[in-house]
Structure formats: structure tokens, C-alpha cells
2 protein chains.
Amino acid sequence: MASTIKDIARVAGVSTATVSRVLNHLGGYNEDTEKKVMAVAKALGYRKNENARSLVQKSSKTIGVIMPEVTTAFYGDIIKGIEDVAYEYGYSVILTHAGSQGSRIQESMNLMGERRVDGLIIVSVELHEPAMESLLSLDVPYILISTKTKREDAPYIKVDDERAAYTAVKYLIDHHHRTIGMAGANPEDPIAGAPRINGYIQALLDHGIKVDLNLIKAGDFSFESGKQAMQAFLEDQAKITAVFCASDEAALGIISACFERQISVPEDLTVVGYDNSKVSSMSIPPLTTVAQPLYEMGKAGCSKLMDAIIHHTSIESQVIAHELVVRQSVKKLS
Amino acid sequence: MASTIKDIARVAGVSTATVSRVLNHLGGYNEDTEKKVMAVAKALGYRKNENARSLVQKSSKTIGVIMPEVTTAFYGDIIKGIEDVAYEYGYSVILTHAGSQGSRIQESMNLMGERRVDGLIIVSVELHEPAMESLLSLDVPYILISTKTKREDAPYIKVDDERAAYTAVKYLIDHHHRTIGMAGANPEDPIAGAPRINGYIQALLDHGIKVDLNLIKAGDFSFESGKQAMQAFLEDQAKITAVFCASDEAALGIISACFERQISVPEDLTVVGYDNSKVSSMSIPPLTTVAQPLYEMGKAGCSKLMDAIIHHTSIESQVIAHELVVRQSVKKLS
DNA sequence: ACCCGTTACGTAAACGTTTACGTTCCTTAT
DNA sequence: ATAAGGAACGTAAACGTTTACGTAACGGGT
């Protein structure tokens, strides 16, 4: 059904080579034949077959994106950034998620290999050693967004979580809070967990506040884990005046739990989130939070990747600036 | 660098045909050669080239997904549903967004055509006639999720927005509300706007409540448009006791505006949302809302598409059930 | 001894492009 | 007049698979 350049060549009375040249604007033909070929192509409803082109050019003009779960708005922003620049370069993005706990990651990589993607972006998924092997065996440029690995040379782009957490906690201290809880971080997560906890601890230490490990409630960044943390604080009868959360969702969990018990935020308890996801501006009260420029991270990551693909250069890691977005969930103590 | 089946054939001392047969488990070879071929393939680090396969099989084992903007969690759920079932079938999904106002939709379709996708899923984007032409010219199965077109025969999968809106408003009426506002819907949106407004109106009419058009504040489903609607209600000094919103985000906008003016929800004003997006359970107070089963819609849509691709059957449209998720943003009047 | 069927392969064409190389013809400089 | 060079093509190989078809070997039934 679909017509090919052979059909065009036959009808237009030229060779396939000429058709190809015309279609790709390569020059080496005169205007008459150009018009003729173009006309025939249109008449036949020709559409090029990218797979055939990929085969001979050994480049699929496609990049792969692997992420943990597509479900949160968090990743939506990053993807949008990626897709926007890929589109500009005429590249397509093929998307896969790595399953919960990265269970599908090996298969994902394999799939990307079979599709012959020209580059790979890995978002937020933790790469264990075998996965890293697979990744390298693909032998294409790649970049990690919002992740790192043990390998020093693996290019990444992310914010400095420890410093960001430090900033947030210092902000609380500057507002005269002295008993500050932490909620929602998973200490075993070397990417988004431990560094934020360390930043929290360091900020306290640097300001002469002694660290009480009971005030650190571990979690998995979820809304639920925030709620549970608040419950734990209450059961402990902890005298906290503020709590720093490892995610906005956890912060909303804290607020939600407070709401159920008629604890007013920020009157009775100050809350700071992390991510500056869309919800943070919509919550009651609007949430003061640490911003990760997600869209920009996607954009920057993809730009770097494109550069590496096109110019065969290597990619340099980048730590991008975080920012504290001040809204109304923090009270200044006297 | 990458090895091919020719390499394997040479090393293993068989023909490429046999290698292909072994690799695809087609039978017609004895165990010894199978082991040999497999061993050589592993040794050479062979990885099949999907593009070459696509070319000869005339099937890319790929489906395309087009959506308006990737950025909201709304679409994340749908995509996850899609990707989950595509993965099961061994299909990849290639993703593109249609730009704001669908500005990029023609190009997107074209791209999907060139990639020779086996099927297409279009999420939430409104298809004008030329776009519909392009879509049909691709000559592959497709399904619309959360959209419809004028064409009766275009298969879609969505909830009945009018009935869903009706349900929500009836719920308010059953709770003795009589002066009910509506916010956030765009009346010119024939998919998600007008039907919800109609459902709202119909519910009022059916219960003998006269419709006051001033109580319908148009918007674009956003948080901002919710805030503006609330502001308008206040300026009008409208005596509403409840407001039905065309989206959760708009509902949060209403709540946020109330918060700023010390109006308590649901004590002073009842609010109902639409979507049951993640935020609805996190808001203060938790939001009573109309649920669209997004993940299921993605899953069902992709399943139908797969079926159509594999069995060459046509796709039947499906209206899937909505549900009212009751939380705490509605007050029962006496 | 002959035929038939099956198993286990190999041969080669085909998929739709791109592209290195060749060819023809025309122009221009020497 | 001739060489040189460029413009405008055409030829055919190549990309890495799949697959229709052919074939050789073997076993068993008559």
C-alpha cells in the first residue's frame, strides 16, 4: 500500500538515487526534476520509512528514556523537558519504565539496545552494578538525571541534595526553630535519602544544635510516610516546632495528619517540603519548599546528550542550583 | 562493532537462516546446533537489530502515544497504564506531545508514520478535521483516550462526563445544597468542558432548581482559574453554599482562595472536584471528587489497541464507569 | 527397490533506504 | 582543439534481518 522511493522513481522517470537526493535536499539535481519528484511524492502519498533509513545510516534518531514509574508529576516535568529538546533536534523519544524497584531495568536496557537508540537518559533510577554493565555495553552516550552511581565517570545532572537540605534547615534555624524533625527520607537511598538526612544533620551541627536521632523518621517520600511520621512524633510527644520533609508529598502527609488533629500549620507546627512540585503551591497553607528545576533538568540533560551524540564528545556532569521557594508554611518564632 | 547474525553464522559454521531460526525459537534444527549458535551469540555479545527486523516484517512492534502536554500527573497515570500493557506484549511506546493547543499535532502524526508505528493512542487532544485526516492516512489502528471527535466511527474510551457531572451535582443537591456554583470548565471545549456544564445544568433542572448562568464561571481547568472563579463569586456576592469544579486543580484553587479570605471549607463553602488526581487526597480538607480511573483507561485502551493490531479486528468504543469519591470537602446542610 | 515424509539445514531474495562510484554531457580555460 | 572540471544524474552495493524455496539425508512402509 504505502509507496516507496522506487515507486516515485518509476513514475517520475528517474533513479531512486535521485529521488533520495531530492527528498533529502542534498543538491545535485536541477529544478525541473526536483519539482517533478516532489509532485510525484505528494501524489503517491509517500512517507519515508525511518526504519530503513536507520538501518543504513546506523542511527535511529531516537533516544531512550528510562524512569522508575511514570506516575508522578515529578517525572512529567522532566520528560517534557527532554521531549522538547529532542523534538527540536528531530529526535524521537522512546519511553520505558524500569518497574518497581527497578525490576525491569535490565530488560529495558536490552530493549533500548535492540532499538538501537542513539543515546539514553536515565531518570531517578538507582543503578546497581549489573545494570551499569548493561548500560555501558550499549556503547552509546548516556546521562543520568537526578541520580548518581558509584562510578565517578558516569555523567549526571542533579542538584546537590545535601546542600539543598542544608539550606532548608538553616532557613528554619534562622527562623529560630531549635527542635526540628525530619520526615520522609529513606536513609538507604544513597541518592535522595542519605544526602538530605546528612544535610539536615550538618545544618544542626553547624549551629550548635544537638542531633536527636529520634527526631528523624524514615520513610519513602510518600504522602503516607509523612502521615506516619507525624503520628510517630505525636506518640513520642516530641517537642518539635518544625519539620523538614524529604518531599512535598511527605510534607502534605504531615499537614494532613495535623489537620486531622486540629494542629494548625504553621501556627502550631512549621513544615518545609522538598521538590516544589505543583501541589506545593496548591496546598493549605501553601508550602515553603526546596525547588528542583525539573523541566530545566530534563532540558539540560537532553541538550548535553544531543551534543554528545552529534559531536561525539563526552558529557560533563553538572550540579544545578536549587532554590528555596518561600510560601506560607513556616512561622518565625520569637 | 556490534555483531550481526552473519558473524554468528560464520563463527558457528552454519547459515544465517539457521541462526535466525534458533534465535527466534522457530524449530527446525537439532539441539547441538542450537547450543552452538546460542553460545556463539553470547560470546559475541550479539544484540538483534530491531530496525532490520521491522523492515522485513513490516511491523515495528511499536505504538505511538500523542498527548497535549506531558506535564500533569493526570497523563502520567494513563501513560503508565499504556506502557504496562505494551510491555507485556513486547511492544515499545514512543511518545510525543502535541504542543500547546495541539500546534505540533500534524508533525507528530507524520513522525509516527515515518516510524511506522503499528498503532496509535491519542490522549486528551482535540482532533480537528485536518488532524483527523492525517490520522486516518496513517492507516493503522488507533484509539482515543479521554477524547472524542465528530466522526462517529472513531473508537474512543472515556467516561461519560455529562453523567459524571450530573452525579456530582446530584450529590450536592442530596446534601441539601440549592445554590450551587460551577467553576473551571471551558464551555468551548466539547470534550471536557461543555458536557460537564451540561451535566451540572441538567441536574439542577431535574431537581427543580432554577439555573443562574452567573453562577457558572468559565475557566481552563487550572488552579488559577479556580482562584479567579472564587474571586468572581465573592465580587458578585453570590450566595452559593457549594461549588462544583471541572477539575481537582480548579477545586484547589477555590480552596486556596477561601483560605486567603478565612472562608472555611467545608464549613462555609462546600467544594467538589473532578479527576481524583493524587492531590485530591492530600488537600486540606481532603477533596470529594469524581474519579476517572486513569490508569485503567490507559490499560484498557492499550489492550484494545493490541487486540486490533494482532487480530486485525476493529476497536469498539467504551464508556467506562466514573465514581464519586467521598472525602471531607462537602457539608450536609440541614 | 521405490516412494513418501520428515528433519535439518542452506540459498538467495526481499524489505526501503543511502551512498560510493561511474558516466555522460556541458562549460570553460588554455 | 583539448583537457579539466563540474553538474546531473544512474548503477549497484550495502545495512541486518526474515523467509520462501530447494535439497540432502534418513527412516519406514510396501
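Remember, it's a predicted structure, so these values are computed and weren't measured experimentally. All chains are named by letter (A, B, ...) in the order of the sequence lines, taking the proteins before the strands, and each is independently numbered beginning at 1.
- The residues A:K35 and A:D32 are annotated as not salt-bridged, no charged nitrogen and carboxylate oxygen being separated by less than 4.0 angstrom.
- Rounded to an integer number of Å, the gap from A:D7 CG to C:dC15 C1' is 13 Å.
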statement: Its contact letters, B for base, S for sugar-phosphate only and - for none at protein heavy atoms under 4.0 Å, make nucleotides 19-26 of chain D read B-------
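- Taking atom CG of A:N49 as the reference point, atom C1' of D:dT17 lies 14 Å away to the nearest angstrom.
- Considering only side-chain N and O atoms, A:T4 lies nowhere under 4.0 angstrom from the phosphate OP1 or OP2 of C:dG16.
- Distances shown here put every side-chain N or O of B:Y29 at or beyond 4.0 Å from the OP1 or OP2 atom of C:dT6.
- One finds no salt bridge joining B:E50 and B:R115 here, because no Lys/Arg side-chain nitrogen approaches an Asp/Glu carboxylate oxygen to under 4.0 Å.
- Between the P atom of D:dT18 and the CD1 atom of B:I8 lies a distance of 11 Å, rounded to the nearest Å.
- The CZ atom of B:R53 sits 14 Å away from the P atom of C:dG16 (whole-angstrom rounding).
- Between the P atom of D:dA7 and the CG atom of A:N30 lies a distance of 12 Å, rounded to the nearest Å.
- Listed pair A:T33 / D:dC9 meets the phosphate criterion, a side-chain N or O lying under 4.0 Å from OP1 or OP2.
- Within the 4.0 Å cut-off from OP1 or OP2 of C:dG16, at least one side-chain nitrogen or oxygen of B:K58 is found.
- Residues A:A131 and A:Q106 approach most closely at N-NE2, 3.4 Å, considering heavy atoms.
- Take B:D84 and apply the salt bridge (Lys or Arg N to Asp or Glu O under 4.0 Å) test, not counting sequence neighbours, and it matches A:R104, B:K80.
- The separation between A:L55 atom CG and D:dT17 atom C1' is 8 Å, rounded to whole Å.
- One atom, NZ of A:K6, and another, P of D:dA12, lie 13 Å apart when rounded to the nearest Å.
- One can place CG of B:L23 at 12 Å from C1' of D:dG16, the figure rounded to the nearest angstrom.
- Residue A:K158 holds its NZ atom at 8.0 Å from CD of A:Q292, rounded to the nearest 0.5 Å.
- Here the closest heavy-atom approach between residue A:Y89 and residue A:K61 is recorded as O-NZ, 4.4 Å.
- At the phosphate of C:dG16, neither OP1 nor OP2 sits under 4.0 Å from any side-chain N or O atom of A:N51.
- Between B:E129 and B:R151, at least one side-chain nitrogen of the basic residue sits less than 4.0 Å from a carboxylate oxygen of the acidic one, meeting the salt-bridge criterion.
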